[in-house]
Amino acid sequence: MRTKGIISFYFALISDIFYRFKKKKKLAKQTKRKSVESNLITVYIHEWGGYKLQRIKHIPKIKEFECGLFYQLLRFNRETLLNLKIYVTISEIEKLNTIDKNYIENNSDKIIPVSNTGMDFSGYAVAYDMERTRENHYIILTNSSVNAQIDTFLNDYIEYMENNQDVGALGISCNSRYTQTLFKNNFSPHIQSFFILTTVDVLDEIVKLNKGQFPGINIIDKRLLIREGEVKFSQLVLDLGYKISVVLESGRVYKFDCNTPEVEFPFGDMRMYSNNPNKITPISKEILC
């Protein structure tokens with residue numbers, strides 16, 4: 001299994017050589033999302049069974065921060081939207097202790113055991129499978145590595161999406177490149193996968209464009225998963241003709257599409273310059289006015 005993952009990873013690295021010389025197709029037409037048909041909002045939080053409910057996240061070159069499923073459940077249970085459902089997908093659920101499991105059950109609508117293959121994207125794929133037959137509605141795909149700091153935000157995020165039908169997905173952090181490549185300074189703008197707000201209809205379009213598969217599913221190698229899950233998700237959104245938005249630490253929203261030039265995009269991982277990495281920041285009221 002590990003050998004297969006290594007082979008796939010290096011095959012992807014080599015394929016960059018050929019991709020580098022391909023001219024990227026740019027879309028002239030911009031797509032508008034289909035309106036939601038239901039006021040239901042589903043939140044799917046993915047967790048690994050071996051994590052503590054409260055923990056410190058250490059990432060090289062990024063300021064460490066507190067996070068954990070405890071804060072995610074507290075955050076969404078504090079939101080005021082009435083028709084909000086909270087589901088927790090857990091890989092390797094056998095590692096979860098009884099006390100933590102009871103806490104999760106008491107603070108969510110359902111626990112869903114999932115495979116650890118594909119990590120977060122295993123949970124996200126299950127979320128899509130569970131929601132795709134329902135009326136089109138907003139859906140949040142997130143994990144437990146979101147910053148512990150809590151602000152009420154969801155009403156404003158939904159309002160922003162309602163006012164920006166050209167946005168296919170909204171995130172809270174972005175990166176203009178990925179490091180899993182032979183080319184050091186590549187340009188592949190994408191939102192990071194620990195928080196994505198989109199709609200079920202957009203997810204359905206993504207899966208159809210990706211030949212019937214949810215991005216990142218069945219990927220074993222963690223490095224390759226960033227490319228085939230996180231980066232590919234955003235690329236598919238852009239290929240569909242949508243724009244992508246990210247809420248910056250200032251509360252300003254940065255919007256980009258497949259035509260946004262590299263010189264206009266903040267280069268690298270925005271968390272490297274953030275005082276509170278992975279934080280869900282409320283959108284500035286000036287933007288919503």
Side-chain angles (χ1 to χ4, degrees), residues 1 40-60 62-131 134 138-155 157 171-173 192-197 214 216-220 222 225 229-230 271 274 276-282:
M1 190 73 74
L40 172 67
I41 300 173
T42 51
V43 178
Y44 282 82
I45 309 170
H46 182 71
E47 178 71 312
W48 176 58
Y51 281 143
K52 294 180 179 180
L53 290 182
Q54 296 165 284
R55 56 194 172 93
I56 302 296
K57 184 77 171 179
H58 304 278
I59 307 171
I62 293 171
K63 184 178 179 181
E64 68 178 31
F65 57 93
E66 191 172 4
C67 65
L69 185 55
F70 172 84
Y71 301 106
Q72 282 285 61
L73 292 173
L74 181 61
R75 180 192 327 277
F76 286 106
N77 277 294
R78 284 183 176 179
E79 289 292 337
T80 57
L81 290 169
L82 296 178
N83 203 4
L84 181 68
K85 298 295 183 183
I86 305 169
Y87 303 105
V88 181
T89 58
I90 303 180
S91 57
E92 297 192 87
I93 196 170
E94 66 277 3
K95 297 182 184 293
L96 190 67
N97 66 56
T98 303
I99 295 175
D100 288 354
K101 186 176 182 182
N102 289 338
Y103 177 83
I104 298 168
E105 287 177 337
N106 291 333
N107 289 277
S108 66
D109 291 284
K110 189 176 183 180
I111 291 177
I112 307 164
V114 298
S115 167
N116 196 42
T117 304
M119 288 171 270
D120 295 348
F121 287 89
S122 176
Y124 296 171
V126 168
Y128 166 69
D129 285 339
M130 292 187 64
E131 300 300 322
R134 295 184 180 181
Y138 287 110
I139 181 170
I140 292 174
L141 306 175
T142 185
N143 65 24
S144 66
S145 66
V146 170
N147 196 298
Q149 296 187 45
I150 297 176
D151 294 293
T152 301
F153 74 97
L154 191 50
N155 277 289
Y157 276 39
I172 60 171
S173 187
Q192 290 165 312
S193 60
F194 44 82
F195 181 96
I196 300 170
L197 168 61
F214 199 93
I217 197 68
N218 298 325
I219 300 296
I220 302 165
K222 188 173 183 179
L225 184 61
E230 183 171 274
R271 297 178 299 173
S274 176
N276 299 289
N278 291 35
K279 182 179 183 294
I280 301 178
T281 302

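Throughout, numbering of the chain's residues begins at 1 and tracks the sequence.
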How far apart are the closest heavy atoms of [X] and [Y], and which atoms are they?
| X | Y | answer |
| --- | --- | --- |
| Lys85 | Leu40 | CG-CD1, 3.7 Å |
| Ser91 | His46 | OG-NE2, 3.6 Å |
| Ile172 | Asn278 | CD1-O, 3.7 Å |
| Ile93 | Pro113 | CD1-CG, 4.1 Å |
| Phe76 | Ile45 | CD1-CD1, 4.1 Å |
| Ile112 | Met130 | CD1-SD, 3.3 Å |

Between Phe195 and Ile140, is a side-chain contact (heavy atoms from CB on, under 4.5 Å) present by the stated rule, with each step listed? CA-CA 7 Å; Phe195 181 96; Ile140 292 174; 3.7 Å; yes

Taking [Y]'s backbone N and O only, do any of them form a donor-acceptor pair with [X]'s side chain (distance below 3.5 Å, no angle check)?
| X | Y | answer |
| --- | --- | --- |
| Ser108 | Tyr87 | no |
| Asp151 | Pro282 | no |
| Asp109 | Ile86 | yes |
| Gln54 | Cys67 | no |
| Tyr124 | Ser193 | yes |
| Ser144 | Glu47 | no |
| Glu66 | Ala148 | no |
| Glu79 | Phe153 | yes |

State, yes or no, whether a side-chain contact exists between [X] and [Y] at a heavy-atom distance under 4.5 Å.
| X | Y | answer |
| --- | --- | --- |
| Thr152 | Arg75 | no |
| Lys57 | Glu64 | no |
| Arg271 | Lys63 | no |
| Leu96 | Ile104 | yes |
| Leu69 | Val88 | yes |
| Ile90 | Val114 | no |

Please verify the inter-ring angle class for Phe214 with Phe121; under 30° counts as parallel, over 60° as perpendicular, anything in between as tilted. tilted

Rounded to the nearest 0.5 Å, what's the gap from [atom1] on [X] to [atom2] on [Y]? Could you check?
| X | Y | atom1 | atom2 | answer |
| --- | --- | --- | --- | --- |
| Leu154 | Tyr138 | CG | OH | 10.5 Å |
| Leu81 | Ile41 | CG | CD1 | 4.5 Å |
| Leu197 | Leu141 | CG | CG | 9.0 Å |
| Ile150 | Leu74 | CD1 | CG | 4.0 Å |

Lys52 and Asp100 ion-paired at < 4.0 Å: no

Take Ile280 and Tyr157, measure what side-chain contact (heavy atoms from CB on, under 4.5 Å) needs, and give me the verdict at the end. CA-CA 10 Å; Ile280 301 178; Tyr157 276 39; 3.6 Å; yes

Any side-chain donor paired with an acceptor under 3.5 Å for Ser145 and Asn143? yes

Taking only residues two or more places apart in sequence or in another chain, which ones pass side chain to side chain donor-acceptor pair (under 3.5 Å) with Asn77? none

Taking the six-membered ring for Trp, are Tyr44 and Tyr128 closer than 6.0 Å centroid to centroid? no

Test side-chain contact (heavy atoms from CB on, under 4.5 Å) applied to Tyr103 and Leu53, step by step: CA-CA 9 Å; Tyr103 177 83; Leu53 290 182; 3.7 Å; yes

Quick one, Phe65 with Ile56, criterion side-chain contact (heavy atoms from CB on, under 4.5 Å). Give me CA distance, side-chain angles, the key distance, then yes/no. CA-CA 6 Å; Phe65 57 93; Ile56 302 296; over 6 Å; no

Cation-pi check for Tyr51 against Arg55: NZ or CZ below 6.0 Å from the six-membered ring centre and within 45 degrees of the axis, yes or no? yes

Given side chain to side chain donor-acceptor pair (under 3.5 Å), test Asn116 with Ser122 step by step and report yes or no. CA-CA 7 Å; Asn116 196 42; Ser122 176; over 6 Å; no

